[in-house]
There are 2 protein chains.
Amino acid sequence: MRVSAAETVFKALREAIEEGKISVGTGLDSEAVLARQFGVSRSVIREALRSCNALGLTETRTGRGTFVISNTVARDLVLGRYSARDLIEARPHIEVPAAGRAAQRRTDSDLEALRGIVEAMVEEDDPEAWVSLDAAFHAAVAGASGNGVFAGVVAELRDAMANQSETLNLVADRREKSNREHARILAAIEQGSYEEAAHAMEMHLREVESALGSIIGEDNND
Amino acid sequence: MRVSAAETVFKALREAIEEGKISVGTGLDSEAVLARQFGVSRSVIREALRSCNALGLTETRTGRGTFVISNTVARDLVLGRYSARDLIEARPHIEVPAAGRAAQRRTDSDLEALRGIVEAMVEEDDPEAWVSLDAAFHAAVAGASGNGVFAGVVAELRDAMANQSETLNLVADRREKSNREHARILAAIEQGSYEEAAHAMEMHLREVESALGSIIGEDNND
DNA sequence: ACGGGTGAACTTGTCAGACAGCTGGACAGC
DNA sequence: GCTGTCCAGCTGTCTGACAAGTTCACCCGT
């Protein structure tokens, strides 16, 4: 399958920028020069630059030139924020099977990490730090599932949740319950039972959801 | 601050696509027609289309035109690629509940878009184009779920899958089966039944998985 | 009749050349 | 030293042209 010249130039530029061969802040050669270098017309260069601009890698200023403003695709451009309702609805569908797989595939170092987090949470008094550990626990479970998709999605959800402060309002009572539920999940994962781990996670999320629901206010009807 | 015509056109197109005014699977007007509509030259239109392509919203095929392949920005621009095994394992956990929610929440324009894709798939002979439409169908179902997390994750999986050519090897026989299964999913969504839509999607994914499994050969190499 | 080849009419891909508008800096005049 | 002008270089846009890929109706030989 033939690829267009514009796409070839785009890929070359993107690679050069992402690999740091062209450092952030510097300006690219002018369109005319690039056209000569790549042996194509200016239109082709311009189309390639528009692609780089769309990804947030570069920025073109009239009369001046095109400048590298980032060596990674802009996340903000791509990732929308998720609503609390969407997060609560989606979590179980991903984390429950992830916990099950974790029970089947966890390595020794996975278990070690999980135990460490669970212990730390028990002794943690500061609510903010506790919430961080909570997020770390869920991410670690997903990571232990050995499935990159689960791990990636949960990591993304964790980022989105971190920006929602409702979790902080969980009363100390609820935190203790969560600690016990986490311990139960960990035990099931240690034991290697898909069913039990998945069930323990499901129960946990259901508990958290109802606790959060009473805080947020259940206006999720459509 | 003057903005370039190309950027104006790009934003207009992007908004139209993301808001569903141009549904997934459909083709845009030709560059010449767009140029007349926007009152600009073809170069401007082409630069705007390159931006849309870079974001994974559209795809341009030589001699045919530019087609909308997603109404959300491609996530794998940012995130890493996933292995085939991970994708196959994770898909049902996300797409099944997404189909169920779609049955409860789909709008009229959601249904219209889905019908369009299903019809187009029946008449599509080119395997590559068919796979694109298949991906568009699954993304549209997730989009109709009204849950940004589902839509985002499926969009991400779609992008990752598009880069795995195994799907292309599906024989025509399997494609016809898929078309029927898609029709069944669509019918359940139209009917508004969570259970039926979820079940239809689950069956469909199971069928596809076994078909793919026999091609790939069950080994977990990426 | 009918299957297959063929070309016309579209589409995108690329090129070359032109000119307007913007920007920064050199330079002359005060 | 300060200011205003001018110019070289850049991006933004347009135009017209042709190559190459795609589609589909039409025609020709059987």
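The chains referred to below are lettered A, B, ... by the order of the sequence lines, with proteins before strands, and numbering in each begins at 1.
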Identify all pairs in which a protein N or O lies below 3.5 Å from an N or O of nucleotides 14-16 of chain D, and state each distance.
{"from": "D:dC14", "atom 1": "OP2", "to": "B:S41", "atom 2": "N", "distance (Å)": "2.6"}
{"from": "D:dC14", "atom 1": "OP2", "to": "B:S41", "atom 2": "OG", "distance (Å)": "2.8"}

Pull out every protein N or O sitting under 3.5 Å from an N or O of nucleotides 22-26 of chain D, one pair per line with the distance.
{"from": "D:dT23", "atom 1": "OP1", "to": "B:R64", "atom 2": "NE", "distance (Å)": "2.9"}

Take atom [atom1] of [X] and atom [atom2] of [N], then tell me their distance rounded to the nearest Å.
X     : N      : atom1 : atom2 : result
B:L28 : C:dT12 : CG    : C1'   : 13 Å
B:R50 : D:dT13 : CZ    : C1'   : 17 Å
A:D29 : D:dT11 : CG    : C1'   : 15 Å
B:E47 : D:dT11 : CD    : P     : 12 Å
A:I45 : C:dT14 : CD1   : P     : 11 Å
A:E31 : C:dG21 : CD    : C1'   : 14 Å
A:L49 : D:dG12 : CG    : C1'   : 13 Å

*asked:* Does C:dG13 have its OP1 or OP2 closer than 4.0 Å to a side-chain nitrogen or oxygen of A:S4?
replied: no

*May I ask you to verify if any side-chain N or O of A:R46 is less than 4.0 angstrom from the OP1 or OP2 atom of D:dG12?*
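Checking D:dG12 against A:R46, a side-chain N or O does come within under 4.0 Å of OP1 or OP2.
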
*Going from CD1 on B:I189 to CZ on B:R105, what distance comes out if it is rounded to the nearest 0.5 angstrom?*
12.5 Å

*At what distance, to the nearest 0.5 angstrom, does CD of A:E95 lie from CD of A:E202?*
12.0 Å

Please name all residues satisfying side-chain contact (heavy atoms from CB on, under 4.5 Å) with [X], sequence neighbours left out, ordered by chain then number.
X      : value
B:A113 : B:S23
B:S193 : B:E195, B:E196
B:A120 : B:L133

_The criterion is side-chain hydrogen bond (donor to acceptor under 3.5 Å, both in side chains); which residues satisfy it with B:E18, sequence neighbours excluded?_
B:R14

*Could you tell me how the ring of B:F150 sits relative to the ring of A:H93: parallel (under 30°), tilted (30 to 60°) or perpendicular (over 60°)?*
tilted

*Heavy atoms, side chains only, cut-off 4.5 Å: are B:V44 and B:F38 in contact?*
no

